[in-house]
Amino acid sequence: MVLNAHVHNYQRIEKAVGTHAIPFFVIGNGGYWNLHRLAAAQGYRDPETEAKLISAIDSRHGFMTFEISDSVINGNMTTVPRPQESWTDASA
């Protein structure tokens with residue numbers, strides 16, 4: 001797993017290395033007011049590296065949490081409401 005966070009958005013990229021998919025996370029949507037637009041759509045595969053953009057968010061602030069054990073790493077991306085949105089009403 002590779003973690004990075006300078007670009008102001010969220011991206012999960014995977015690159016196949018042998019029989020493994022290595023996840024790369026860009027987690028930069030934590031609070032800077034000017035979120036950066038994505039340069040490629042989800043599903044884009046870079047022709048040079050074969051890395052694929054699995055998921056991305058460029059319109060919401062959020063944070064990532066990880067649960068790490070000896071054999072598994074689980075991650076969860078959480079977006080937060082905009083100032084005019086409810087924190088408790090998920091349908092809103």
Side-chain angles (χ1 to χ4, degrees):
M1 177 172 61
V2 178
L3 300 173
N4 189 354
H6 183 77
V7 173
H8 297 282
N9 59 35
Y10 164 78
Q11 300 172 50
R12 178 183 173 169
I13 300 162
E14 288 185 357
K15 178 171 175 33
V17 177
T19 60
H20 300 283
I22 306 298
F24 292 74
F25 293 95
V26 177
I27 309 165
N29 60 335
Y32 180 62
W33 68 273
N34 186 20
L35 295 173
H36 296 166
R37 294 279 177 209
L38 293 165
Q42 284 185 183
Y44 174 78
R45 185 177 301 275
D46 182 78
E48 185 176 330
T49 65
E50 294 295 313
K52 182 177 180 180
L53 181 59
I54 302 299
S55 67
I57 301 169
D58 66 358
S59 62
R60 307 286 299 200
H61 290 95
F63 59 93
M64 189 88 179
T65 55
F66 291 96
E67 294 179 23
I68 301 171
S69 73
D70 291 339
S71 59
V72 176
I73 299 174
N74 287 316
N76 184 50
M77 180 61 189
T78 303
T79 59
V80 297
R82 294 180 176 102
Q84 70 275 17
E85 296 173 339
S86 171
W87 280 83
T88 57
D89 182 3
S91 66

Would you call [X] and [Y] a side-chain contact if the rule is heavy atoms closer than 4.5 Å?
X	Y	value
Phe24	Asn4	no
Arg60	Arg82	yes
Met77	Asn29	yes
Gln11	Asn9	yes

Pairwise distance [atom1]([X]) to [atom2]([Y]) - rounded to 0.5 angstrom:
X	Y	atom1	atom2	answer
Met1	Ile22	CE	CD1	10.5 Å
Leu35	Tyr10	CG	OH	14.5 Å
Arg45	Ile54	CZ	CD1	7.5 Å
Leu3	Phe66	CG	CZ	5.0 Å
Arg12	Leu53	CZ	CG	11.0 Å

Where [X] and [Y] come nearest, the two heavy atoms and their spacing:
X	Y	value
Gln42	Ala56	OE1-N, 2.8 Å
Lys52	Gly43	CE-O, 3.8 Å
Val7	His36	CG1-ND1, 4.0 Å
Ala21	Glu14	CB-OE1, 3.9 Å
Pro81	Ser86	CG-O, 3.5 Å
Ser59	Arg37	CB-NH1, 4.5 Å

Next on the checklist: With a 4.5 Å cut-off on side-chain heavy-atom distances among I, L, V, M, F, W and Y, is there a chain of contacts connecting Val2 to Val17?
Outcome noted: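 Linked within one cluster.
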
Checklist entry - For Trp33, what are the other residues in its hydrophobic cluster, where any two members join if their side-chain heavy atoms are less than 4.5 angstrom apart? => result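 Direct or chained contacts put Trp33 with Tyr32.
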
Next on the checklist: Are more than 12 heavy atoms, taken from residues, nucleotides or ligands other than Asn34, located less than 6.0 Å from that residue's CG atom?
Outcome noted: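 Check passes, neighbour count above 12.
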
Next on the checklist: Other residues, nucleotides and ligands only: do more than 12 of their heavy atoms fall within 6.0 Å of CD on Gln84?
Outcome noted: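 Check passes, neighbour count above 12.
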
